[in-house]
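Notes for the one structure printed next.
Sequence positions, counted from 1, serve as the residue numbers for this chain. Since we're looking at a predicted model, the values are computed, not measured.
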Amino acid sequence: MHALQVMSALSQATRLATFRRLVEALPEGMASSDIAAAVGTTPNTMSAHLAVLQRAGLVSSEKVGRTVVYRAETAPAEGLSEFLALACERGKKARSTRH
């Protein structure tokens, strides 16, 4: 189920761009207004996208003074990658035994 949540969160173009940008900004992270500017969206829209990414465990936030700093959390994406890699390997083996 968690793989589905991660894939769903990353299946939208702005959220994928946001996650990529936050990965590039590791370990410092970014404020939501800076993320919005980097991916070309409005701060209000960015808040909704960040909420989806947070629910999937792909983003964490920390209040620093008056600013909230967001950081990419790569473990869920790594887990999804491992799941997909194993599925692909199993499929490859299944195809080779049929020939």
Q. Does Leu86 sit in a hydrophobic cluster with other residues, and if so which ones, taking ILVMFWY side chains as linked at heavy-atom separations under 4.5 Å, directly or through other members?
A. none

Q: Verify the cluster assignment for Leu16 and Leu50: are they in a single hydrophobic cluster under the rule of side-chain heavy atoms below 4.5 Å apart?
A: yes

Q) Going by side-chain heavy atoms closer than 4.5 Å, which hydrophobic residues are tied to Val64, directly or by a chain of links? A) Val69

Q. Can you list the residues that meet the side-chain hydrogen bond (donor to acceptor under 3.5 Å, both in side chains) rule with Ser47, with sequence neighbours excluded?
A. none

Quiz: residues 74-83 side-chain donor-acceptor pairs under 3.5 angstrom, not counting sequence neighbours:
residue: Thr74; atom: OG1; partner: Glu78; partner atom: OE2; Å: 2.8

Q. Could you give the distance from CZ (Arg71) to CD (Glu62), rounded to the nearest 0.5 Å?
A. 4.5 Å

Q) Shared ILVMFWY cluster between Phe19 and Met7, side chains joined below 4.5 angstrom? A) yes

Q. Under 4.5 Å between any side-chain heavy atoms of Thr18 and Leu53, yes or no?
A. yes

Q) Which is it for Thr14 and Thr45 under the side-chain contact (heavy atoms from CB on, under 4.5 Å) test, yes or no, and what are the steps along the way? A) CA-CA 10 Å; Thr14 301; Thr45 303; 5.6 Å; no

(Q) Do Val23 and Val52 land in one hydrophobic cluster if side-chain heavy atoms of ILVMFWY residues count as linked below 4.5 Å? (A) no

Q. Closest approach of Gly57 and Glu73, non-hydrogen atoms and distance?
A. O-CB, 3.2 Å

Pairs of donor and acceptor atoms involving the side chains of residues 25-36, under 3.5 Å and at least two apart or interchain, shall be tabulated with distances.
none

Q. Is there a side-chain contact between Val39 and Met46 (heavy atoms, below 4.5 Å)?
A. yes

Q: Taking all non-hydrogen atoms of both residues into account, name the closest pair between Arg15 and Leu10 and its distance.
A: O-CD2, 4.5 Å

Q. Quick check: does any side chain N or O of Ser11 sit under 3.5 Å from a backbone N or O of Ser8, one acting as donor and the other as acceptor?
A. yes

Q | Non-neighbouring partners of Gln12 that pass side-chain hydrogen bond (donor to acceptor under 3.5 Å, both in side chains), sequence neighbours left out | A | none

